[in-house]
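Take a look at the structure set out below.
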Amino acid sequence: FDRPLAHSGFADHLRSGTELVVTLTPDELERAIAGPAERAGYGVEPGLVAQLVSDVHDRPGALPLMQFALAELVDRTGSTTLTSSAYAELGGVAGAVARGAEEIYGALPPAQQDQARQAFLRLVQRVDAADPTRRRALRSELVSLAVDAAEMDAVIDTFVRRRLLSLDRDADTREPTVELAHESLVQAWARLGRWIEDAEEDLRYQQQLARAAREWRSATRDPSFLAIGSRLELFGAWRSSTDLAVTPEEDAFLEAALAQRELARTEDAARKARERALERRSLR
């Protein structure tokens, strides 16, 4: 940020065209609740305002969390007054997020429930021993995991309508992207937590495979970027035992690596046969 400021002409444009968005103070959060509610014709109990501010202040993604909780309150109460008791029944901010996710998942047909699991496990990542965090994925990546692309599209759109997944576009390619709308969903939704815990080792291999496949693609599928040796053995053993879906690109990476291994074995066998023939000829 400081480098453009070193150029006087550009610095003037940057200064006049920049607005810093900083964390809201508790007073500003109160106004962000009461003002829009009043304009929409809703009353908000003072106790609810204080509770909401307490729950979201200093939390990452405070405004989206607050928005989700208020929208759920409006959808559920059917009243023009939002109350602390209704908020408590909702389970607070975390409860609202978790309950919303569980309700959507429970209403899906079994085939789409499996697609939801596959998609959500692609939308989280674990770096070293840190807690899982959300990950932005290309929509095409998620859709390619399903045998029926329309089913995966329907699952994504269902969670988007309830404001639990958000859509955007990649800054470079402008391809559509999908991500968890709220970081707290990783911790608050018990089912997602169980999925992550049960698939911890699978996720590690999947993320390694995805990274290797991306590097292979970026290198225009250069064979030297393919997995070999024990790394390939691990990928192959994992692929045959896991129930996590892989993308066509990841599958192509593995198939190319396995084909290269078979070719190397065939060439090695032919070389050894030639050496044995030469040795027999020399002995004769």
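Position 1 is the first residue of the sequence, and the numbers go up from there.
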Worksheet item: Relative to each other, are the rings of W189 and F120 parallel, tilted or perpendicular (30° and 60° limits)?
Response: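 W189 and F120: perpendicular rings.
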Can you tell me if [X] has over 12 outside heavy atoms packed within less than 6.0 Å of its [atom1]?
{"X": "R3", "atom1": "CZ", "answer": "no"}
{"X": "E103", "atom1": "CD", "answer": "yes"}
{"X": "R221", "atom1": "CZ", "answer": "no"}
{"X": "E28", "atom1": "CD", "answer": "yes"}
{"X": "E197", "atom1": "CD", "answer": "no"}

When you measure from the side chain of [X] to the backbone N and O of [Y], does any donor-acceptor pair fall under 3.5 Å?
{"X": "E179", "Y": "L123", "value": "no"}
{"X": "H182", "Y": "A94", "value": "no"}
{"X": "R134", "Y": "A181", "value": "yes"}
{"X": "S54", "Y": "A50", "value": "no"}
{"X": "T81", "Y": "G43", "value": "no"}
{"X": "R135", "Y": "Q125", "value": "no"}
{"X": "S241", "Y": "W238", "value": "yes"}

When you compare the side chain of [Y] with that of [X], does any pair of heavy atoms fall below 4.5 Å?
{"X": "L52", "Y": "V93", "value": "yes"}
{"X": "L254", "Y": "V246", "value": "no"}
{"X": "R122", "Y": "T247", "value": "yes"}
{"X": "Q51", "Y": "S84", "value": "no"}
{"X": "R126", "Y": "E200", "value": "yes"}
{"X": "E175", "Y": "E141", "value": "no"}
{"X": "L108", "Y": "F159", "value": "yes"}
{"X": "R117", "Y": "D243", "value": "yes"}

Worksheet entry | Salt-bridge contact R261-E233 (side-chain N to carboxylate O under 4.0 Å) |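 Here R261 pairs with E233 in a salt bridge, since their nearest N and O are under 4.0 Å apart.
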Item to complete: For the pair R265 and D268, find out whether any cationic side-chain nitrogen is under 4.0 Å from an anionic carboxylate oxygen.
Response: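 Answer for the salt bridge query: no.
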Discussion item. As a quick check of understanding, evaluate side chain to side chain contact (heavy atoms under 4.5 Å, CB included) for V74 and Y42, giving each step before the final call.
Written reply: CA-CA 9 Å; V74 170; Y42 288 91; 3.3 Å; yes
Is there a chain of hydrophobic side chains (I, L, V, M, F, W, Y, each step under 4.5 Å between heavy atoms) that links [X] to [Y]?
{"X": "L167", "Y": "L142", "result": "yes"}
{"X": "L234", "Y": "F225", "result": "yes"}
{"X": "L121", "Y": "L138", "result": "no"}
{"X": "L48", "Y": "L63", "result": "yes"}

Indicate the atoms forming the closest heavy-atom contact of [X] with [Y], along with that distance.
{"X": "R163", "Y": "A71", "answer": "NH2-CB, 3.1 Å"}
{"X": "P132", "Y": "V186", "answer": "O-CG1, 3.7 Å"}
{"X": "S16", "Y": "H13", "answer": "OG-O, 3.1 Å"}
{"X": "W195", "Y": "A116", "answer": "CZ3-O, 4.3 Å"}

Worksheet item: Are R231 and I228 close enough, and set up right, to give a side chain to side chain contact (heavy atoms under 4.5 Å, CB included), and what steps lead you there?
Response: CA-CA 6 Å; R231 188 166 182 242; I228 60 174; over 6 Å; no
Practice prompt. Evaluate the side chain to side chain contact (heavy atoms under 4.5 Å, CB included) criterion for residues R162 and E72: first the C-alpha distance (whole Å), next the side-chain angles of each, then the deciding distance (0.1 Å), finally the verdict.
Written response: CA-CA 9 Å; R162 285 292 297 274; E72 288 291 295; 3.1 Å; yes
Worksheet item: Where do R99 and E102 land on the side chain to side chain contact (heavy atoms under 4.5 Å, CB included) test, with the steps shown first?
Response: CA-CA 5 Å; R99 182 181 295 186; E102 190 62 25; 5.8 Å; no
Worksheet item: Do we see a donor-acceptor contact under 3.5 Å between the side chains of T25 and D27?
Response: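 Result is no, nothing qualifies.
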